[in-house]
Amino acid sequence: MRETEILVVGTGIAGCAAALAAAREGANVLVVTKAERPEDASSDWAQGGISTTGTDPEGFKQDIIAASADTADEAAVDVLVKNADSAVEDVLVDTLGVEFDLDSETEEFDYTREAAHSEKRILHVDASTGKHILRPFLHYLDDHENVEILEDTAALQLITHEGRVHGAMLDTEKTGEPVFAGTTVLATGGIGDLYERSTNPAGSTGDGIAMAALAGADVADMEFVQFHPTAYAGEEPFLLSEAVRGEGSLLRNGAGERFMPDYHPDAELAPRDVVARAVQDEIDSTGEVTLDVSTLDEPFAEAFPDLAAKCEEHDVDWDSGIPVAPCEHFLCGGVDVDDRGKTTLDRLYAVGECARTGVHGANRLASTSLLEGLVWGLRAGEDAVGVEPEPVEAPDLLDRDPDLPPRFAAEKFHRLRRVMDEYLGLRRDPTEMARAQGVLRRLKGEVDAYIRTRTARDLYELRNASVTALLISRAAAGNEESVGCHYVVSEDEKAAATADD
Ligand code: SIN
């Protein structure tokens, strides 16, 4: 049994920021991550960059709201915009010394642009911004006397007592080890493992969302799963940052024609949900879509050396266009939190992708995820201090039955992904969403039956994925309105598709 003032679950930018803020206040912080290397977080994979407010904070706010199809929570966006530049400067520049790219002539920051941004305001390091932020962040925390980081350590379940959260059960012992915390901060990232193709690292199983929901916390906006329009279309998808379009590359269909101007006045720089659906439509009707990088001002390999290296790794000849397809990228919803990251459960916070702050509404603007994680992480960490851990009765996690064969989780995951891909992807049919709910409910029931007597990590990940998938399917089936990432196919479209067949 351990005790800590603050327990942070997850080591992406949001978890690191929460740990930093709490440690700066003098709190003892235990950070746990199930990854074997703490940098195996989505933040490390972030490419395009981190947005600042640029020359026009009001313009940034309006861009976020417009990209969200006017669904973002204005008060939450105000919090982000107001705190953006000071957080970037304080933590990333002054504390961690991140060396964002500079313009070779002016020696000022070389701001880039991405889709749906009205100006160049995004700080970046090549197109590998995430790793240049996260790795120094982890080194800094490693050296901080108030912070301990435990790798390869999964949180299995929250410890609750009379509606209050008192820490979590970790998988460091066979039947779980309780860590009692004054406050618990979930920063567990996204849901990429729920889909066959995702830009997230493996292990993105919605853990924080599921643990919070099972403990009784509210979740919101779960239907808004964002697909990135330009992931490499081959077997191992990797992201081709929106910055490539921001700097002037074009999308072409199987006939070699540019198509985005027919879909939106902002063409390649339209909001992400619009571009993702257009890319999929063109793949369906013309066979493929490619990213034409010959239109960039600089040669691709000079403008984006790290993406060029990735293409080389995958034998992609960018001169003839890079084949792209939409790919699951980010969950805009999650555990419902306030402007300090507080959930609806006492002493539980959630930050980063697992949280729903309201900033993204139905569709997130590019390069606001690292920023949201940073701003909310700092605010949550500051707010969470000052509560002493109170040991209570820990849940009894039984481990009396033999382990299940490894293929058990693999097979169930396969079924879950098939349902998510078919019924809860870019376009959703009300009848199919209802069917998905039925299948996912049954799947969750099967997993629950096993989890009662076993504590294997892969089983808990499967349980978390099935709970999160069910929450997504419920929210999707309960929202008849097409908005942002949640596109509901109309009866007319269905009739037209049947006629085409
Ligand atoms: C990208 O570089 O295109 C991803 C940026 C983001 O998801 O915000």
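Indexing begins at 1, ligand by ligand and atom by atom, following the structure's order. We're numbering straight along the sequence, starting at 1. Computation of the quantities below employed the complete heavy-atom set of this structure, encompassing side-chain atoms and omitting hydrogens, waters and symmetry-equivalent molecules.
Residue contacts with ligand 1 include E114, since one of its heavy atoms falls under 4.0 Å from the ligand.
In this structure, R427 is positioned above the aromatic face of Y487, its NZ or CZ under 6.0 Å from the six-membered ring centre and within 45° of the axis.
Ligand 1 places these atoms under 4.0 Å from at least one heavy atom of E242: 1 (C), 2 (O), 3 (O). Atoms of ligand 1 found under 4.0 Å from any heavy atom of H329, numbered from 1 in the order shown, are 4 (C), 6 (C), 7 (O).
For ligand 1, the polar-atom distance check finds an N/O of R364 within less than 3.5 Å of one of the ligand's N/O atoms. An N or O contact shorter than 3.5 Å is missing between L240 and ligand 1 by distance. Ligand 1 has a nitrogen or oxygen under 3.5 angstrom from a nitrogen or oxygen of H228.
For the pair R37 and D44, the salt-bridge criterion is not met [side-chain N within less than 4.0 Å of a carboxylate O].
Residue E119 qualifies as enclosed at atom CD: its count of foreign heavy atoms under 6.0 Å is above 12. Enclosure of atom CD in E74 is not indicated, since only 12 or fewer non-hydrogen atoms of other residues, nucleotides or ligands lie within 6.0 angstrom.
Looking at heavy atoms from C-beta onward, K34 lies in side-chain contact with D207 at the 4.5 angstrom threshold.
The line from OG1 of T11 to CG of L141 is 9.5 Å long, rounded to the nearest 0.5 Å.
Residue nearest to atom 2 (O) of ligand 1, selected from A366, A46, S241: S241 (by heavy-atom distance). In the candidate list E372, R272, H124, R272 is nearest to atom 6 (C) of ligand 1, counting heavy atoms.
Among all protein heavy atoms, the one lying closest to atom 8 (O) of ligand 1 is S367 N, 2.6 Å.
Between the side chains of T112 and E247, at least one donor N or O lies within less than 3.5 Å of an accepting N or O.
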